Structures are given as C-alpha cells and as structure tokens.
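The block underneath contains the structure these notes are about, expressed in structure tokens.
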Amino acid sequence: MGFRTAACRAAPMFLFLISHLAQTAGFPGQQYHPDDQLVWISAARPTFRAFQAREWHFEVGGVLQTAKYRVVLEISFEGQPLYSTVRYLQSEQDRVSISFELPGMEPWKRSLNLRVYDEAPNLDIETALLAVRMLDVQIASLPDPKPSDVIHGAISCRAETLVWDSAENTNSETLRELHGAANSGEQISLVSVASIDRSLVALQVAASWEGPLAYALYARSVEEELALRKFVLKDLGPSCEARGQGLKVLLVSMCHEHGEEESVLAFPINFLRSAAVQAAATDLVLYSDMDFLPSAGASQVLKSAVNARVRNGTAVLVVPCFMTTEQSPLLQPPRISCTPQGVLEVATTPLTKVQIRSMFEAGIAEVPSTPCCFHMHCPVDYVRWLENTTDEAYEIQYTM
C-alpha cells in the first residue's frame with residue numbers, strides 16, 4: 001500500500017510590490033535598488049505531508065546585478081513565528097531561482113511569508129522592503145491509510161504497507177508504495193514484530209542492525225494505528241534513512257477471527273511473524289523477536305556464513321541467543337538525541353562476543369533454559385559456541 005499526496009486547502013494569497021525612494025548614498029560596488037524597478041516573487045503553494053521536510057522552489061525577479069538583496073522566509077501559526085531562514089542574493093540575472101528547505105511540521109494550518117529586502121546600508125526595515133509573498137497552507141494530517149483485508153486462515157486484519165526507501169539518498173520525500181521489491185543481492189533483512197508499547201525498543205533494534213529491516217507493527221485500535229503511523233513517519237523512518245538503512249513496515253490493525261468483528265485479537269503473534277517475513281524486501285531474512293538486540297557486525301557475519309554454508313544446499317542458519325538478568329546494563333533505556341533537522345539519533349553500545357562471554361561468566365547473561373525453551377536452544381551447543389574464537393559457523397542437528 002502507499003500514500004496519496006496530501007492536497008493543501010485553497011487559501012487567499014497576496015502579492016505586494018513595494019518600492020522605496022531612490023537613495024543616493026552607497027559604497028563602491030553596490031547600489032541601492034532604484035525606486036522605479038519593481039521586484040516580484042513567483043511562488044506556487046507547496047504541498048505538505050505531516051512531519052516531512054521538503055524543498056520549496058520559487059523565483060525572484062526584477063533584481064539588479066549592482067544591488068544586493070536579502071530573502072527571508074518566515075513560517076507562522078496564528079501570527080506567532082515558528083521558523084525563519086535567510087538567503088542573500090546577488091545575481092547577474094534579473095530573474096533568479098531560489099530554494100528553501102522547509103522543516104517537517106505538525107498537521108495544521110501554517111502561513112508562509114516570503115520577503116525581499118534591499119541589503120544596501122543605512123536603510124530602515126520598512127524602506128528596505130521590496131516585495132512580499134504570503135501563502136496560507138494546510139498541512140494535512142497523517143496520510144489516510146489505504147487498508148486491505150488480509151486473510152490468514154480464520155483471521156482477518158486491516159493492513160497498510162509503509163516503505164522508507166533509503167536507496168534514493170535524498171532529503172525529499174522517500175515514502176513510496178513498493179509492489180514486490182527487487183532482490184537485494186546478498187543482503188539480509190532483520191524481521192521482527194511489535195505493538196506500540198515496544199516502539200522504543202524497535203528504534204534501538206534498528207540502530208543496532210547494519211542492514212535492511214522489515215517490521216510488522218500491530219495496532220489494537222484506530223488510536224494505536226494513528227500513533228504507530230506517526231511513529232514510523234516521524235521517528236523510525238527518518239532515523240533509518242539517516243543511516244542509509246532500508247525499512248519496510250507492515251502496519252496491521254484490529255485483527256479478528258472470521259465472523260467475530262467485535263472481538264479484536266490482543267496480539268496474533270504467529271500471523272504477524274509470517275506477515276513480517278513476507279514483507280521483507282530481500283530473499284534472506286533473520287527473524288528475531290523485538291526483545292533481542294543483534295550483536296555488532298551481525299549482518300556481515302551472517303552473510304559470510306550464508307555464502308559459505310547455506311547457498312549450496314538446503315540448510316537453516318541458527319543464531320545463538322542469550323537472556324539477561326535484571327542486573328544487565330543492556331536493560332538500560334537507549335540514549336536518544338535529536339539532530340538540528342529533527343531526526344532521532346539512537347546511541348547504541350556495540351555488543352561483542354567477548355562482552356557476552358564476560359556477562360555469561362558474571363551470571364548476568366544466561367542460556368534460555370526454561371522447560372518451554374530448552375528443546376529449542378539445546379542443540380546450539382553453547383559450550384562450543386562460547387569457546388569458539390572465530391566467527392565460523394559449525395553444523396548441528398536441529399529438528400524443527
């Protein structure tokens with residue numbers, strides 16, 4: 001599924017051409033803009049998606065080569081300034097194309113105010129003002145979903161696919177609909193599932209993985225669905241894009257058993273796992289529940305192991321896992337900061353095999369050993385894995 005471009009509601013626009021009395025004073029190489037030369041601004045009303053930064057292109061005409069100008073953009077809400085930026089202009093052409101980077105903003109009505117000033121000295125602000133262009137725009141709410149009914153046995157769900165494609169490597173809109181991604185060579189997608197209460201962990205897991213991601217996120221209500229979509233658009237997606245990390249999210253909502261539309265399932269884990277694997281944009285996937293953090297360099301180690309052992313036959317690569325106690329430093333919340341562009345940065349501590357061995361010896365990391373887990377993890381042969389000083393895979397007998 002994809003998004004339709006949010007259209008801005010029509011609003012009055014104004015264009016003022018303002019001149020000032022010609023001045024005679026100046027300094028070498030720069031003149032005042034003459035009173036009889038009108039300056040104009042040509043700018044189309046931009047379309048916005050909530051929380052999405054974008055470039056806005058417009059033209060300024062009537063400028064002189066011998067004069068210098070200051071172009072100011074101010075974004076306001078009900079008369080209160082929210083954002084402003086300045087560009088200085090001196091051109092050999094009388095008509096100049098200019099672009100401003102507009103920040104991501106909350107859904108609501110905003111006013112854009114473009115002003116051009118004569119930058120000559122000794123002018124008060126009213127006298128220096130040459131042209132004004134004002135536009136009212138409506139920043140649409142988060143895009144309406146285009147759900148489809150997904151049938152999985154006796155389960156029916158609403159589903160929406162969100163794709164954050166970092167391959168475009170651009171600051172413009174990168175959310176697009178993806179119908180069957182092409183094979184991404186030997187890349188491995190980390191696949192996982194979560195509900196809204198695990199969104200912080202989803203950020204941490206994404207920052208710890210060095211390859212593409214595929215998440216199935218589950219919402220039990222319309223409110224959770226909106227909150228998860230906002231989380232992907234505003235937080236998770238831009239964070240992955242900043243790391244050059246591909247992301248595909250299947251937003252699944254309000255699953256219910258067939259004929260039981262009023263009884264929303266709490267968390268249909270098996271359906272979500274299957275849906276997340278199918279959503280991955282690569283042939284190879286590593287499924288991991290959202291409680292697990294991948295170790296440093298895990299993606300490269302797995303790719304090497306796959307190329308060495310799995311490609312030439314039918315095999316499954318088993319990844320050892322460990323459980324931590326309450327004393328583990330891994331249970332501390334991740335350190336999250338925000339860049340000047342409003343993108344979340346998640347600081348992670350690389351987790352190495354040496355650290356795991358030390359934690360295991362200190363009793364703050366342990367092998368899953370509850371009765372329900374023992375038969376699944378015992379074949380890994382943890383003693384052999386802990387004593388193995390290389391990243392080379394070894395064969396085990398594993399019954400699925």
Side-chain angles (χ1 to χ4, degrees), residues 183-194 198 201-202 204-216 245 248 269-325 328 330 348 350-361 363-400:
N183 184 0
S184 299
E186 298 301 321
Q187 288 199 10
I188 301 175
S189 292
L190 179 67
V191 176
S192 194
V193 302
R198 308 297 284 168
V201 182
Q204 187 177 12
V205 170
S208 302
W209 180 250
E210 298 168 349
L213 297 158
Y215 284 166
Q245 187 175 38
K248 189 171 182 181
I269 180 71
N270 289 330
F271 165 69
L272 293 172
R273 286 170 173 167
S274 177
V277 169
Q278 294 179 34
T282 59
D283 290 339
L284 301 176
V285 300
L286 169 65
Y287 179 82
S288 173
D289 282 339
M290 200 60 79
D291 298 301
F292 292 97
L293 289 176
S295 57
S299 176
Q300 186 58 48
V301 172
L302 292 175
K303 284 191 287 186
S304 299
V306 166
N307 290 332
R309 289 183 173 268
V310 178
R311 281 300 193 186
N312 296 326
T314 301
V316 173
L317 193 65
V318 178
V319 180
C321 66
F322 291 82
M323 298 174 63
T324 59
T325 65
S328 171
L330 298 178
T348 60
L351 186 61
T352 65
K353 188 172 183 177
V354 173
Q355 290 172 298
I356 286 292
R357 187 183 294 114
S358 298
M359 293 168 62
F360 182 78
E361 293 172 350
I364 58 177
E366 57 190 30
V367 175
S369 57
T370 59
C372 66
C373 298
F374 186 74
H375 74 282
M376 294 183 288
H377 297 280
C378 183
V380 171
D381 193 350
Y382 277 88
V383 173
R384 180 179 178 181
W385 186 86
L386 287 167
E387 292 177 349
N388 187 6
T389 57
T390 71
D391 291 327
E392 185 177 351
Y394 55 89
E395 290 187 7
I396 62 174
Q397 295 298 317
Y398 198 96
T399 303
M400 297 184 68

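This is a predicted model, so every value here is computed, not measured. Residues: numbered from 1 along the sequence shown.
Counting only distance, with no hydrogens or angles, the side chain of Ser189 and the backbone of Val191 share no donor-acceptor pair below 3.5 Å. The main-chain N or O of Asn270 is never found under 3.5 Å from a side-chain atom of Ser274 such that the two would form a donor-acceptor pair.
When the side-chain hydrogen bond (donor to acceptor under 3.5 Å, both in side chains) test is applied to Thr348, no partner is found at least two apart in sequence or on another chain. The side chain to side chain contact (heavy atoms under 4.5 Å, CB included) test applied to Ala206 returns Leu213, Tyr215, Leu236, Cys240, Arg243, Gln245, not counting sequence neighbours. The side chain to side chain contact (heavy atoms under 4.5 Å, CB included) test applied to Val301 returns Asp391, not counting sequence neighbours. In this structure Gln300 satisfies the side chain to side chain contact (heavy atoms under 4.5 Å, CB included) test together with Lys303, Ser304, sequence neighbours excluded. Scanning for side chain to side chain contact (heavy atoms under 4.5 Å, CB included) contacts around Ser295 gives Ala298, with sequence neighbours left out.
In this structure, Leu317 CG and Ile188 CD1 are separated by 7.5 Å, a value rounded to the nearest 0.5 Å.
The heavy-atom pair separating Thr325 from Glu366 by the smallest distance is CG2-OE1, 4.2 Å. Heavy-atom minimum distance, Asp289 versus Arg273: OD2-NH2, 3.0 Å. Here the closest heavy-atom approach between residue Ala276 and residue Ala216 is recorded as CB-CB, 3.7 Å. Residues Met290 and Ala202 approach most closely at SD-CA, 3.7 Å, considering heavy atoms. Contact detail for Ala214 and Ala280: the closest heavy-atom pair is CB-CA, 3.7 Å. In terms of heavy-atom proximity, Phe292 sits nearest to Val205 at O-CG2, 3.7 Å.
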Could you give the side-chain donor-acceptor pairs of residues 378-387 under 3.5 Å, partners two or more places apart or in another chain?
residue	atom	partner	partner atom	Å
Asp381	OD1	Arg384	N	3.4
Tyr382	OH	Cys321	N	3.2
Tyr382	OH	Cys321	O	2.7

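Counting heavy atoms from C-beta outward, Arg198 and Asp291 have side chains that approach closer than 4.5 Å.
For the residue pair Gln204 and Ser208, no side-chain donor N or O sits within less than 3.5 Å of a side-chain acceptor on the partner.
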